[in-house]
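Below: one structure, written as structure tokens.
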2 protein chains.
Amino acid sequence: MKGRKQKQVGRKAARPANVREALVRAKPPLELVLDKADIEGRVNVGLRDVARVAGVSTATVSRAINDPRLVSEELRTRIDSVIRHLGWVPDGAARALATRRSATIGAVFPTLTHGDFARAIQALQDELTQKGYTLLLACSEYKPEQEYRQARKLVERGVEALILVGEAHAPELTDFLLTRKVLYVNSFVYNPKTHGTCIGPDNRKALYRLTKYLIDLGHTRFGLVAQSTLNNDRAQARLQGVHDALAERGIAIQPSHVAEGYWGINEGRQLFRRVVANKPFPTAIICGNAYLTVGAMLESQAMGIRVPEQMSIVGYDDIEIMNELPIPITTVRVSSDEVGRRAARFLVGRLDGQAPDMNFECEAEIIARASSGPAPAG
Amino acid sequence: MKGRKQKQVGRKAARPANVREALVRAKPPLELVLDKADIEGRVNVGLRDVARVAGVSTATVSRAINDPRLVSEELRTRIDSVIRHLGWVPDGAARALATRRSATIGAVFPTLTHGDFARAIQALQDELTQKGYTLLLACSEYKPEQEYRQARKLVERGVEALILVGEAHAPELTDFLLTRKVLYVNSFVYNPKTHGTCIGPDNRKALYRLTKYLIDLGHTRFGLVAQSTLNNDRAQARLQGVHDALAERGIAIQPSHVAEGYWGINEGRQLFRRVVANKPFPTAIICGNAYLTVGAMLESQAMGIRVPEQMSIVGYDDIEIMNELPIPITTVRVSSDEVGRRAARFLVGRLDGQAPDMNFECEAEIIARASSGPAPAG
DNA sequence: TGACTTTATGTAAGCGGTTACATATGCGCC
DNA sequence: GGCGCATATGTAACCGCTTACATAAAGTCA
């Protein structure tokens with residue numbers, strides 16, 4: 001690194017006494033001193049410079065900014081003004097190193113482009129900022145191995161805790177967290193049986209209940225526009241919920257009425273077409289996420305299917321458009337905000353040595369709208 | 001801080017020679033040494049421990065991980081295995097402090113919940129990760145003063161550069177960046193006249209052209225479902241573009257045909273109702289952002305207005321649903337990905353001492369769809 | 001073969017803060 | 001007045017890495 005200056009032997013020894021004492025005694029006009037300090041050649045002002053110019057020790061400056069009560073009124077104001085004039089900003093890395101606290105919390109989300117994750121992140125951030133922490137964010141793109149790498153990097157960056165999504169992680173990651181004793185939480189899931197604290201909805205239960213709701217409406221022929229369960233334990237759990245509810249009533253689902261895909265309105269359309277291609281088509285379609293649902297709904301309308309008279313369509317996740325389409329869609333609402341906020345509070349609490357290690361189940365509420373109704377007669 | 005151990009006088013002096021030499025000569029089974037190291041009482045393993053266990057100097061370990069070519073094959077593998085066994089993760093803060101490089105870039109976005117910002121952020125992150133940087137993210141919630149605070153905090157955290165959105169910032173922020181000589185870019189805008197590099201579409205021009213496109217279709221009665229211009233220079237510029245185009249043809253817009261609001265489909269609906277309440281209603285409605293547009297479109301359909309026969313509706317920003325509604329919507333497409341990617345490349349380039357300081361205008365393309373057509377006769 | 005590179009490693013001084021411990025001063029009270 | 005204690009400041013040793021400089025060993029070449 002070429003920026004580094006030549007050895008600065010004697011720096012420490014040469015400076016303090018004379019300069020400082022001169023200052024203390026003479027108290028030259030502040031401006032003058034500042035200019036001098038500027039000129040002196042150091043690229044970045046440091047706490048030491050503040051101390052020198054203010055004529056105090058580094059310890060006092062440090063105290064003045066971290067716990068002002070420890071410093072006399074007079075020095076405090078003097079130091080403050082020097083800081084302002086010098087435009088000094090404390091160096092986070094140095095502070096982190098010295099205190100061994102980074103006041104940073106990391107999060108690895110599959111993606112930012114899902115509205116619910118975005119909302120959770122925003123809530124997370126608000127909450128953390130409020131408590132004096134910073135969020136360090138990374139994306140796994142639904143790849144466990146990338147999740148592992150990112151989490152590692154975050155730990156390397158000194159995060160004091162980690163927020164993950166889901167409960168299924170690469171084994172390396174679990175090992176890593178365990179051996180390093182990293183505090184973390186699995187968000188967007190509720191499954192007390194797995195390792196680690198979890199904060200989120202019980203995905204299985206949510207879809208179990210949604211399915212039962214449809215069964216109670218008399219439906220027996222179901223179709224699934226499912227989200228790929230690859231590397232997505234939430235989607236898996238939801239699917240499980242559907243199957244559990246159906247099995248309970250001895251209802252079988254025809255394989256050709258199940259289509260699995262990723263994400264997006266258009267994808268939803270395609271999958272929907274595939275599902276309804278096999279007559280007699282299902283009277284109830286359950287979709288795996290919000291955008292797939294919107295796609296299914298739009299396609300059903302394009303195909304002239306009457307909803308809910310001929311067919312009920314329900315989804316998961318309650319984004320605004322679910323309620324704004326010509327036929328508002330029945331769905332499951334989970335407060336992503338709450339997930340984010342709770343996760344933040346939990347971790348901060350633990351870091352501050354409070355808060356028991358407790359799982360938290362977020363409400364998953366069925367919002368019944370016009371897209372679902374009784375099964376058509378016959 | 002109670003975690004700190006008692007003064008460790010003599011630590012440095014006492015350790016190296018004897019222990020190390022013993023190791024080098026004796027080469028006891030690795031496992032044994034590891035246990036010992038574990039037991040030794042230090043909570044976190046550090047590079048020093050790795051060095052000690054591997055029987056080399058700290059410098060060698062450092063080199064082995066940062067520039068392996070400098071270390072002999074033999075030592076390299078020995079060190080690697082010790083690192084793995086010890087589960088050591090280098091301390092980012094210490095490294096940042098020593099190198100005075102954080103390999104971190106900060107970004108302050110108004111919100112994460114806008115799809116285009118989310119996409120830009122994701123692109124940003126991908127690109128940065130690829131180049132070995134980390135993204136530190138913050139939200140301003142459209143408040144300049146919060147933007148300032150967040151940016152400051154990011155600088156404190158040691159970011160080497162900053163990505164902002166828009167060109168209008170709190171004066172304190174501009175000052176701060178200037179005096180601290182922080183590298184930054186204004187994203188999502190293109191206006192070479194302002195201070196700082198900008199990367200994004202020319203918002204004014206984009207809507208100027210969109211408006212002209214409508215004028216060329218024969219429209220003369222315009223309505224605006226505008227996004228609030230408060231603290232949003234992009235929205236302002238877009239509005240300006242509309243006005244410029246209209247002024248050029250001497251077209252006046254009736255004040256009652258302008259409604260301003262924030263965000264959301266529902267908001268779009270309300271604003272749309274307000275605009276069309278004043279007969280004769282406009283034959284062309286220009287909306288300020290994607291969700292307002294969707295709202296306007298849905299409401300127009302709910303009201304039974306025939307689009308585009310009676311009225312053209314156009315928007316800004318091309319999110320998926322714009323193309324999936326029964327009447328696909330004409331809009332302006334800006335590649336948020338590109339904005340993010342370019343911003344990342346630019347900053348990384350500058351940091352590495354390449355890349356000239358150059359503004360970049362992203363294409364803003366008009367995507368003509370079914371929602372716009374010739375003005376109704378008469 | 002000896003002076004001169006090159007290559008592999010070690011030594012120790014930082015990086016810019018924090019904080020334990022030492023010191024100095026002021027105050028209350030017997 | 002002297003003792004104890006609280007308050008305000010200073011001194012300097014760390015935090016866990018990197019890296020300039022020093023050193024030693026192994027080529028290279030005239």
Side-chain angles (χ1 to χ4, degrees), chain A residues 1-13 16-17 20-21 24 42-51 54-76 78-79 88-102 156 158, chain B residues 1-13 15-17 20-21 24 42-51 54-76 79 88-102 156 158:
Chain A
M1 215 96 296
K2 56 156 64 84
R4 191 143 189 182
K5 267 180 275 153
Q6 297 312 338
K7 241 185 184 182
Q8 300 176 334
V9 180
R11 169 148 102 65
K12 233 189 273 182
R20 206 195 115 248
E21 280 171 22
V24 166
R42 305 182 51 62
V43 183
N44 304 306
V45 279
L47 177 146
R48 279 177 163 88
D49 303 282
V50 174
V56 299
S57 74
T58 60
T60 302
V61 175
S62 179
R63 287 194 279 258
I65 58 168
N66 291 314
D67 195 350
R69 293 169 314 175
L70 297 178
V71 176
S72 70
E73 174 87 27
E74 191 210 333
L75 284 192
R76 209 187 313 149
R78 179 139 107 243
I79 291 171
W88 174 63
V89 175
D91 181 315
R95 176 182 266 160
L97 182 55
T99 57
R100 258 153 309 170
R101 303 247 315 154
S102 63
E156 218 168 292
Chain B
M1 218 96 295
K2 55 158 61 88
R4 191 142 190 183
K5 267 180 275 156
Q6 298 313 341
K7 241 185 180 183
Q8 299 177 337
V9 180
R11 168 152 101 63
K12 230 190 273 179
R15 201 203 282 156
R20 204 194 120 249
E21 280 171 22
V24 166
R42 304 183 51 60
V43 183
N44 303 305
V45 281
L47 176 145
R48 277 179 166 88
D49 303 281
V50 174
V56 299
S57 74
T58 59
T60 302
V61 175
S62 178
R63 289 196 276 260
I65 60 169
N66 291 314
D67 195 351
R69 293 169 313 174
L70 297 178
V71 175
S72 70
E73 175 88 29
E74 191 210 333
L75 285 192
R76 211 186 313 149
I79 290 170
W88 173 64
V89 175
D91 180 314
R95 178 184 259 155
L97 183 55
T99 57
R100 260 153 310 170
R101 303 244 318 151
S102 63
E156 217 169 295

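Heavy-atom basis, side chains included; hydrogens, waters and symmetry copies ignored. Letters A, B, ... are given to chains in the order of the sequence lines, protein chains preceding strands, and every chain is numbered from 1.
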> Nearest-Å distance, CZ (B:Arg69) to P (C:dT6)?
Replying inline: 16 Å
>> Side chain of B:Thr99 only, heavy atoms from C-beta on: which candidate in D:dT18, D:dC17, C:dT9 is closest?
In response: D:dT18
>> Expressed as a whole number of angstroms, how long is the span from B:Leu70:CG to C:dT9:P?
In response: 10 Å
>> Taking the minimum atom-to-atom distance to the side chain of A:Ala59, which one of C:dT19, C:dT9, D:dT18 wins?
In response: C:dT19
> Where the side chain of B:Asp91 meets the backbone of B:Ala94, is there a donor-acceptor pair that is under 3.5 Å apart?
Replying inline: yes
>> Rounding to an integer number of Å, can you tell me how far B:Glu74 CD sits from C:dT7 C1'?
In response: 15 Å
> For the pair made of CZ in A:Arg48 and C1' in C:dG17, what is the distance, rounded to whole Å?
Replying inline: 8 Å
> To the nearest 0.5 Å, how far apart are CZ in B:Arg95 and CG in A:Leu97?
Replying inline: 13.0 Å
> Do you know the tightest heavy-atom contact between A:Ile65 and A:Trp88?
Replying inline: CD1-CH2, 3.7 Å
> To the side chain of B:Ser57, which of D:dC17, C:dG17, C:dT11 is closest?
Replying inline: C:dT11
>> Need to verify one output field. Residue with the more 5' nearest nucleotide on DNA chain D, B:Pro90 or A:Thr60?
In response: A:Thr60
>> Between B:Arg95 and D:dT18, is there a contact of a side-chain N or O with OP1 or OP2 at under 4.0 Å?
In response: yes
>> Taking the axis from the first five pairs and the axis from the last five, what angle separates them in the helix from C:dT1-D:dA30 to C:dC30-D:dG1, rounded to 10 degrees?
In response: 40°
>> On the nucleotide C:dT9, are OP1 or OP2 found under 4.0 Å from the side-chain N or O atoms that B:Ser72 carries?
In response: yes
> If each of B:Glu73 and A:Val89 is mapped to the nucleotide of DNA chain C with the nearest heavy atom, which maps nearer the 5' terminus, i.e. the 5' end?
Replying inline: B:Glu73
>> Is there, by distance only and without an angle test, a donor paired with an acceptor across the side chain of B:Arg100 and the base of C:dG14 below 3.5 Å?
In response: no
>> Holding to side chain to side chain donor-acceptor pair (under 3.5 Å), I want the full list of residues that pass it with B:Ser62, two or more places apart in sequence or in another chain.
In response: B:Asn66
> CD1/B:Ile79 to OG/B:Ser72 distance, rounded to the nearest 0.5 angstrom?
Replying inline: 8.0 Å
> From the list D:dG16, D:dT18, D:dT11, which nucleotide is the closest neighbour of the side chain of B:Asn66?
Replying inline: D:dT18
> On DNA chain D, nearest-nucleotide positions of B:Trp88 versus B:Arg63: which is more 5'?
Replying inline: B:Trp88
> Over how many whole Å does the gap from B:Arg101 atom CZ to D:dG16 atom C1' extend?
Replying inline: 19 Å
> Passes side chain to side chain contact (heavy atoms under 4.5 Å, CB included), B:Val56 versus B:Val61? Steps please.
Replying inline: CA-CA 7 Å; B:Val56 299; B:Val61 175; 3.6 Å; yes
>> Using whole Å, what does the distance between atom P of nucleotide C:dA20 and atom CG of A:Asp67 come to?
In response: 13 Å
>> For a quick check of understanding: with a heavy-atom distance under 4.0 Å over all strands, which category does A:Ser62 fall into, base, sugar-phosphate or nothing?
In response: base
>> At 4.0 Å (heavy atoms only), tell me whether A:Val61 reaches a base, stays on the sugar-phosphate, or touches nothing.
In response: nothing
>> Rounded to whole Å, how long is the line connecting atom CG of B:Asp49 with atom P of D:dG16?
In response: 9 Å
> Do any N or O atoms from the side chain of A:Arg63 and from the backbone of A:Val71 form a donor-acceptor pair under 3.5 angstrom?
Replying inline: no
>> If I take atom CG in residue A:Asp91 and atom P in nucleotide C:dG14, what distance separates them, rounded to the nearest angstrom?
In response: 18 Å
> Where the side chain of A:Leu97 is defined as all heavy atoms beyond and including C-beta, which of C:dT9, D:dC15, C:dG17 is the nearest nucleotide?
Replying inline: D:dC15
> How many angstroms lie between CG in B:Leu70 and CZ in B:Arg76, if you round to the nearest 0.5 Å?
Replying inline: 9.5 Å
